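Keep in mind that this is a model prediction, so the values were computed, not measured. Just the heavy atoms: all of them, side chains too, but no hydrogens, waters or symmetry mates, feed the values below. A note on names: the letters A, B, ... follow the listed sequences, proteins ahead of strands, and every chain is numbered from 1.
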Amino acid sequence: MADDYFAFFGLPEKLTIDADDLERRYLGLSWKLHPDNFVNAEEFERNLSLERSSQLNDAYRTLRDPVARVEYLLARKGVRKEGQTKQQAPPELLEEVFELNESLEELQMARESGGDGNEMKALRDRLQAAGKSFEEKLAEVDEELTAVCAEWDAAIDANADEAKRSTLMARMNEILNRRSYIRNLVSNVSRELEESATA
Amino acid sequence: MYSEKVIDHYKNPRNVGSMPKNDPEVGTGMVGAPECGDVMRLQIKVNPETQVIEDAKFKTFGCGSAIASSSLATEWVKGKTIEDALQIKNTDIVRELSLPPVKIHCSVLAEDAIKAAIGDWKSRHSESASEPQASAASPKAE
Ligand code: FES
């Protein structure tokens, strides 16, 4: 049970989770596991409660975040493994991400060498526009993910077979792959825009 | 947490740069690591007669280990035939650079990039090789 975060909270393996309900469950469990309740307990019990508390915190952090939740499910089912994902993102997306990274680098270098103000401004404007379009992409990808999660929940309710579940998980995995490039880029762009604003 | 070799490649990356993508003798591999969203481009220039990789360039937007892995990969592929270059495994890179387990995917990126670049060269090379045949065949057909 300890390695199943859903069961930890007494929840089914569904991906739409009500935040308030999850919080209530979390607070209830942390109350039970609180060290104050174990001051007079045996040492092993105290240790156990500490261990469970830290598991509880991990579980809560993971399930509270809609994306981390999906990542967790896929990792648990062996669909997503570190260093094993051979599946590539669409080449156009990689190209785009690469190009934008190049403009980012250009701006960075211009900033570090105290580059020409007008040139920097042009670079910044371009980057800002590109960053915005990637933010929109991120929102789209998140919508896609939400939609598949809803399908997954329906499949769980309908007690769908393994084949159906694997198809859905493969789709989630593909979405997460695309998402990681976009999210990485969005955060790099906003960091650079911030730094070059003060420069 | 980085080994000395990683730091060396990171500070003095070998073969950073680019080659013209449309050159028929150049193969381009563009790959990414979905674990972190980092991207890498590795290019090779292959002698069509000998199939030897005569030059290699890379550009990586990623962590230090990814930069070191791709830098090392360009060093290793240079002078090898494409068939030999295909034998390079990410585990060789992990060993050479003493990468920790959390950085294995960075070395996978470099292996994938070599494969993708060679794949691209092969496809573009067989295309350009078949062109003269096609034009030689069409007058006969008419
Ligand atoms: S952390 Fe992304 S390639 Fe190393």
Donor-acceptor contact present, side-chain A:Arg69 to main-chain A:Leu15, <3.5 Å: yes
Quick check: does any side chain N or O of B:Lys80 sit under 3.5 Å from a backbone N or O of B:Trp76, one acting as donor and the other as acceptor? yes
A:Glu71 versus chain B, the contacting section by heavy-atom distance below 4.5 Å: neither
For the residue pair A:Tyr72 and A:Phe6, categorise the inter-ring angle as parallel (less than 30°), tilted (30 to 60°) or perpendicular (more than 60°). tilted
Examine whether an atom of B:Asn90 lies under 4.5 Å from a heavy atom of chain A, and if so say whether it belongs to the side chain, the backbone or both; otherwise answer neither. neither
With only heavy atoms counted, which part of A:Arg179 is less than 4.5 Å from chain B, the side chain, the backbone, both or neither? neither
A:Glu192 bridged to A:Arg124 by N-O distance under 4.0 Å: no
Is it the side chain or the backbone of B:Cys36 that comes within 4.5 Å of chain A heavy atoms, both, or neither? backbone
